[in-house]
Amino acid sequence: MNVKKVGELLVDQKLITQEHLLEALDLQKLFPDQPVGQLLCKLGFIKESDLGVVLDQKNKRRKLVDILLTSGLIDQQKISHAREVGKQNNISLEKALLKLNYVDEEGLSKAVASQYDMPYVQINVTDLDRSLSQYISAVYAQKQRIAPISKIGNTLTLAMAQPLKSHDLRELEDSIRLKIISAIATETNISKSLKRLYNIDVVSTVTAQDEVNLDLVPDSIVDLLSKSSAADEPDVEEETKKVTEKDSVIVKLVNKIIYDAYMNKASDIHIEPYPGKKDVIVRIRVDGQCSIYQKIPYKYKFALPSRIKIMGDLDIAERRRPQDGKIEFKKFGPLDVELRVATMPTVGGLEDVVIRVLTNGDPISFDELGLTERNLNIFKESLSRPHGLVLVVGPTGSGKTTTLHSGLALINQTNRKIWTAEDPVEITQAGLRQVQVNPRIGFTFAAALRSFLRLDPDIIMIGEMRDEETASMAIEASLTGHLVFSTLHTNSAPETVTRLLEMGLDPYSFSDSLVCVLAQRLARRLCNDCKESYHPSEAEYEDLVDEYGRDEFATTGLSIADVVMFHAVGCDNCGHTGYRGRLGIHEALECTDVIRGLIKRRADTDKVREQAVCDGMTTLKQDGIFKVLHGFTDIHEVRRVCIK
């Protein structure tokens, strides 16, 4: 359906001519931020009131969210979070933004004023003339949240929190026989004005700050902890009883810890109590690095784990053995996020708790994986195969599942049936049939794979090949006309080949089925706002060349004069770490005919690596150094995550 723009609508309604519209469009080239409607008003071709009527009738107003984003007052993550909060608590987006302190009243009111092309006013309440109250009745003013703030001749200026509808405004003008100029003011300003003009104490209209208790916290953890009285060494039973109280400080304390971790994009939260009167340490892992988030007084060392166990439906009385479970946090706080919880008994009758924050969501774009041209082509070509085995390998937390899902998104089409078995299902995609394995009841990866083969699949993804049975079945599936994806915990692509042979796989079947192995690591990305460039010293340059390999580096044609590197500095945007976000470092082993021959002869890792390099493979360390030279990360990060 062809949706008409504002200018076309105005021409259709004969409010302007085509020539007027063309002139305004020419002017917009000089002022690209100005809407066409406003330019038509400034050129005198249309009245603002007529424009407003058309915009409202046709729902062509700029969205408030777009105005807030464009002005830089807020980002997309905060908008999404505010929408979740508003939906869960049945309040508007604007009130959720205020409640979460993402925008202040003034900023929000200015955005509303911009949305409706109205002036924003800051009312000096003490200077308001009380005689203005005679023009608007107290009941109407309170109901509509409007306040008369000045009168000049036959024109009355009305301040309002939200614009009145056009017909309401016309009716009001007719009844008071005055022309009205509308202006936007904050809710607080309106309330104070009504108090002065009509002596109305506006108690019926609660502000967004008080409308809903999100059960987060006051302003900070410090505020929460200051509410509790000092105490000696706590008693286990006494402290665990406290956590069941709905308004307990400990409830809000746990919510605040989880909320802050989510907002800081943390992947894990570590609660670490110590014997005696030592503080409880709370650490969070962001971009793969742990850092201390907060120290909590020792008297909470029993209550914190107990509260988390209650949220995860774990046995609060059992403190002698490990437990694990999950938390649907939307039941307790303003985030729709799933948490995985694991407890571990430690010395002194205490329990450590580790919470994994599962970021459910869509797969990232294939082009955002950070693959170099050769690796991208090999992986993409593997995805287009009708059958075969594609492996993504690396340690825990290296982004293997993310990479596989990005690849699946590329080939996820209605003419392909795709089954996945995962533990847990963290990324969801429409079109995939995704299964959560449960080893406790015997539903393992091997059992899932066995069942998939009876469900007419085209493509199968197995979360991990943990044993010989799963690996053998995956190879069998790939040889019988299915494209199979899986992951493995190995250090490099060549090592993966020998590891699978050592598991007991048939080398002939394995060599026929293998398409490619992509090994990867995640390094922290330098913050774009504060990273600084420099030319390396001769010693640093020589170390870099040695690590890359002198013969291979010579093929790049770079000399010390050409090399520019970057180092981390630190700013407010990256939490003064110098790093923000992560990027992938990869090596892609393509299963060529020569590699197949080596697999059949059960060649060792070194021979497989030598052949892969001859075929054009760049190692993990070389790929990392390549990204250092392009300013994505620094050499310290590459050395931290890569082996030679």
Side-chain angles (χ1 to χ4, degrees), residues 264-265 267 285-291 364-379 394-395 397-399 402-403 491-493 518-589 609 612-613 616-644:
N264 286 318
K265 296 184 171 65
S267 60
R285 188 182 296 278
V286 180
D287 292 338
Q289 291 287 292
C290 265
S291 61
I364 67 170
S365 163
F366 192 77
D367 296 329
E368 293 174 13
L369 290 176
L371 293 160
T372 56
E373 187 177 359
R374 175 190 176 271
N375 293 344
L376 186 74
N377 290 336
I378 288 173
F379 194 46
S398 59
T402 301
T403 298
N491 288 323
S492 67
L518 183 74
Q520 77 173 59
R521 299 288 187 279
L522 289 178
R524 290 185 295 171
R525 188 186 293 269
L526 286 170
C527 174
N528 285 325
D529 296 322
C530 63
K531 67 180 180 181
E532 288 184 356
S533 62
Y534 70 99
H535 286 281
S537 65
E538 189 171 344
E540 191 173 3
Y541 173 76
E542 291 298 323
D543 285 343
L544 194 74
V545 173
D546 284 338
E547 288 185 82
Y548 195 92
R550 289 197 169 269
D551 294 340
E552 292 88 347
F553 195 85
T555 62
T556 65
L558 294 173
S559 66
I560 188 169
D562 304 318
V563 174
V564 177
M565 295 166 66
F566 292 80
H567 60 77
V569 178
C571 64
D572 290 337
N573 292 327
C574 61
H576 298 281
T577 62
Y579 303 93
R580 187 168 53 171
R582 291 194 282 181
L583 80 156
I585 295 171
H586 310 89
E587 67 179 19
L589 181 151
R609 180 181 295 110
V613 169
M617 182 185 85
T618 52
T619 65
L620 284 164
K621 179 66 76 72
Q622 289 172 340
D623 191 61
I625 292 172
F626 174 80
K627 283 160 183 170
V628 168
L629 298 176
H630 282 75
F632 298 131
T633 186
D634 60 21
I635 190 63
H636 306 295
E637 274 297 295
V638 174
R639 287 172 180 150
R640 183 178 67 83
V641 300
C642 292
I643 58 172
K644 178 81 173 177

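All heavy atoms count here, side chains included; hydrogens, waters and symmetry mates do not. Since the structure is predicted, the reported quantities are computational estimates derived from the model, not experimental observations.
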**Student:** Yes or no on side chain to side chain contact (heavy atoms under 4.5 Å, CB included) for Phe626 and Thr556, after CA distance, side-chain angles and deciding distance?
**Tutor:** CA-CA 10 Å; Phe626 174 80; Thr556 65; over 6 Å; no
**Student:** Could you give all pairs that pass the salt bridge (Lys or Arg N to Asp or Glu O under 4.0 Å) test and reach residues 627-636, with sequence neighbours left out?
**Tutor:** Asp623-Lys627
**Student:** Given side chain to side chain contact (heavy atoms under 4.5 Å, CB included), test His535 with Met565 step by step and report yes or no.
**Tutor:** CA-CA 6 Å; His535 286 281; Met565 295 166 66; over 6 Å; no
**Student:** Enumerate the salt bridge (Lys or Arg N to Asp or Glu O under 4.0 Å) contacts for residues 549-576, please, sequence neighbours excluded, ordered by first and then second residue.
**Tutor:** Glu542-Arg550, Asp546-Arg550
**Student:** How close do Arg374 and Gly616 get, heavy atom to heavy atom, and via which atoms?
**Tutor:** NE-O, 2.9 Å
**Student:** Rounded at 0.5 Å granularity, tell me how far SG in Cys290 sits from CZ in Arg285.
**Tutor:** 3.5 Å
**Student:** Run the side chain to side chain contact (heavy atoms under 4.5 Å, CB included) check on Arg640 and Gln289 step by step: do they pass?
**Tutor:** CA-CA 11 Å; Arg640 183 178 67 83; Gln289 291 287 292; 2.9 Å; yes
**Student:** Does any non-hydrogen side-chain atom of Met617 lie less than 4.5 Å from one of Leu589?
**Tutor:** yes
**Student:** Can you measure from NE2 (His567) to OG (Ser533) and round to the nearest 0.5 angstrom?
**Tutor:** 8.0 Å
**Student:** Answer yes if the side chains of Glu587 and Thr618 hold a donor-acceptor pair under 3.5 Å, and no otherwise.
**Tutor:** no
**Student:** Could you label the plane-to-plane angle of the Phe632 and His630 rings as parallel, tilted or perpendicular, counting under 30° as parallel and over 60° as perpendicular?
**Tutor:** parallel
**Student:** Going from CG on Leu583 to CG on Leu522, what distance comes out if it is rounded to the nearest 0.5 angstrom?
**Tutor:** 8.0 Å
**Student:** About how many Å separate CD1 of Ile378 and OG1 of Thr372, when rounded to the nearest 0.5 Å?
**Tutor:** 8.5 Å
**Student:** Could you check Leu629 against Leu544 for side chain to side chain contact (heavy atoms under 4.5 Å, CB included), going step by step and ending with a plain yes or no?
**Tutor:** CA-CA 10 Å; Leu629 298 176; Leu544 194 74; 3.9 Å; yes
**Student:** Got a second to check how far Thr402's OG1 is from Leu369's CG, nearest 0.5 Å?
**Tutor:** 8.5 Å
**Student:** Would the distance check show the side chain of Glu637 and the main-chain N or O of Ala523 forming a donor-acceptor pair, the cut-off being under 3.5 Å?
**Tutor:** no
**Student:** With rounding to the nearest 0.5 Å, note down the distance linking CG in Leu620 to NE2 in His586.
**Tutor:** 9.0 Å
**Student:** Determine whether a donor-acceptor pair (N or O, by modelled atom type, separation under 3.5 Å) exists between the side chain of Lys531 and the backbone of Gly631.
**Tutor:** yes
**Student:** Which atom pair, heavy atoms only, marks the closest approach of Ala588 to Asn375?
**Tutor:** CB-OD1, 3.4 Å
**Student:** Sequence neighbours excluded, which residues qualify as side-chain contact (heavy atoms from CB on, under 4.5 Å) partners of Asn573?
**Tutor:** Asp529, Cys571, Arg580
**Student:** Looking at every heavy atom in both Cys530 and Val569, which two are closest together, and how far apart are they?
**Tutor:** O-CG2, 3.0 Å
**Student:** Any side-chain to backbone donor/acceptor pair from Arg521 onto Asn491? Under 3.5 Å, distance only.
**Tutor:** yes
**Student:** Check whether Thr633 reaches the backbone of Arg524 with its side chain - one donor and one acceptor, N or O, closer than 3.5 Å.
**Tutor:** yes
**Student:** Any salt bridge between Glu547 and Arg639, counting N to O under 4.0 Å?
**Tutor:** yes
**Student:** Indicate the atoms forming the closest heavy-atom contact of Tyr541 with Pro536, along with that distance.
**Tutor:** N-CB, 4.4 Å
**Student:** Is there side-chain contact between Val638 and Lys621, with heavy atoms separated by less than 4.5 Å?
**Tutor:** yes
**Student:** State, yes or no, whether a side-chain contact exists between Glu540 and Ile560 at a heavy-atom distance under 4.5 Å.
**Tutor:** no
**Student:** Is the ring pair Tyr548/Phe553 parallel, tilted or perpendicular, if the boundaries are 30 and 60 degrees?
**Tutor:** perpendicular
